[in-house]
Amino acid sequence: MLSLSIASPTTAVTFPPKPTSRIPKPSFHGVQIRHLWPVRAPLPLQTTAASRGRPSSSSVVMMAKRDQELEEIRAKTTEEINEEVVDLKGELFMLRLQKSVRNEFKSSEFRRMRKRVARMLTVKRERELEEGINKRLSRKLDRQWKKSIVVRPPPSLKKLQEEEAAAEAEKSA
């Protein structure tokens with residue numbers, strides 16, 4: 001036990017020693033102690049079909065829809081695919097406008113349209129590969145095609161304009 005005393009010329013102050021407590025002091029002094037046994041990941045509460053190695057029924061349905069959509073795309077001509085890509089990109093633009101204006105819209109449409117455009121462009125590229133068009137020439141043709149696109153309103157905007165015109169015709173009649 002140590003005591004601390006401070007002496008000054010006029011008075012002397014003495015501090016009594018700190019009483020020892022029954023609480024043990026921590027043994028951590030800057031060194032991290034690790035346990036030697038491995039830590040196991042917790043087991044999942046429920047086992048799903050996917051965790052048992054089988055695809056779930058919803059993924060099977062989605063794959064069937066995707067295959068059906070690819071068959072529909074492959075049945076189209078390249079010109080029809082190009083037209084639909086332009087229309088879908090216009091629709092994406094309209095969705096971005098609706099989002100920026102904070103109108104109501106389905107956010108899932110972004111992903112659905114982007115994926116549909118990607119599938120169409122994939123089918124288009126598959127056809128180019130069958131024809132023997134290399135990557136460099138494909139990019140050149142894409143640039144030419146993009147320059148030749150005539151800007152037109154997307155189908156949803158045309159439909160909206162037709163509905164407004166019909167509403168005005170009803171009001172005037």
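Since we're looking at a predicted model, the values are computed, not measured. All residue numbers refer to positions in the sequence shown, counting from 1. The analysis underlying the following values was restricted to heavy atoms, covering all of them including side chains, and did not include hydrogens, waters or symmetry mates.
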Side chains of [X] and [Y], heavy atoms from C-beta outward: is any pair under 4.5 Å?
{"X": "K146", "Y": "R143", "result": "no"}
{"X": "E126", "Y": "R74", "result": "yes"}
{"X": "R66", "Y": "K115", "result": "no"}

Closest heavy-atom contact between [X] and [Y]?
{"X": "T77", "Y": "R127", "answer": "C-NH1, 3.4 Å"}
{"X": "V117", "Y": "L88", "answer": "CG2-CB, 3.6 Å"}
{"X": "E104", "Y": "Q98", "answer": "O-OE1, 4.0 Å"}
{"X": "E109", "Y": "R112", "answer": "OE1-NH2, 2.7 Å"}

Legend entry - R96: partners by side-chain hydrogen bond (donor to acceptor under 3.5 Å, both in side chains), with sequence neighbours left out: none
Legend entry - With sequence neighbours excluded, residues passing ring-ring contact (aromatic ring centres under 6.0 Å, His included) with F105: F110
Legend entry - Heavy-atom neighbours of K76 NZ exceed 12 at 6.0 Å: yes
Inset, instruction - Would you confirm whether T122, through its side chain, and A118, through its main-chain N or O, come within 3.5 Å as a donor-acceptor pair? - result: yes
Compile the donor-acceptor pairs under 3.5 Å between side chains in residues 153-170 and protein atoms, sequence neighbours left out, one pair per line.
residue: S156; atom: OG; partner: E91; partner atom: OE1; Å: 2.8
residue: S156; atom: OG; partner: E91; partner atom: OE2; Å: 3.1

Inset, instruction - Any chance you could lay out the salt bridge (Lys or Arg N to Asp or Glu O under 4.0 Å) test for D142 and K124, step after step, and finish with the verdict? - result: CA-CA 11 Å; D142 282 345; K124 183 179 169 188; 3.5 Å; yes
Inset, instruction - Could you tell me which residues satisfy side-chain contact (heavy atoms from CB on, under 4.5 Å) with R102, sequence neighbours excluded, listed by chain and number? - result: none
Inset, instruction - Apply side-chain contact (heavy atoms from CB on, under 4.5 Å) to L129 and list each qualifying residue two or more places apart in sequence or on a separate chain. - result: R125
Inset, instruction - Using the ring pair (Phe, Tyr, Trp, His ring centres under 6.0 Å) rule, collect all pairs that involve residues 132-173, keeping only residues at least two apart or in two chains. - result: none
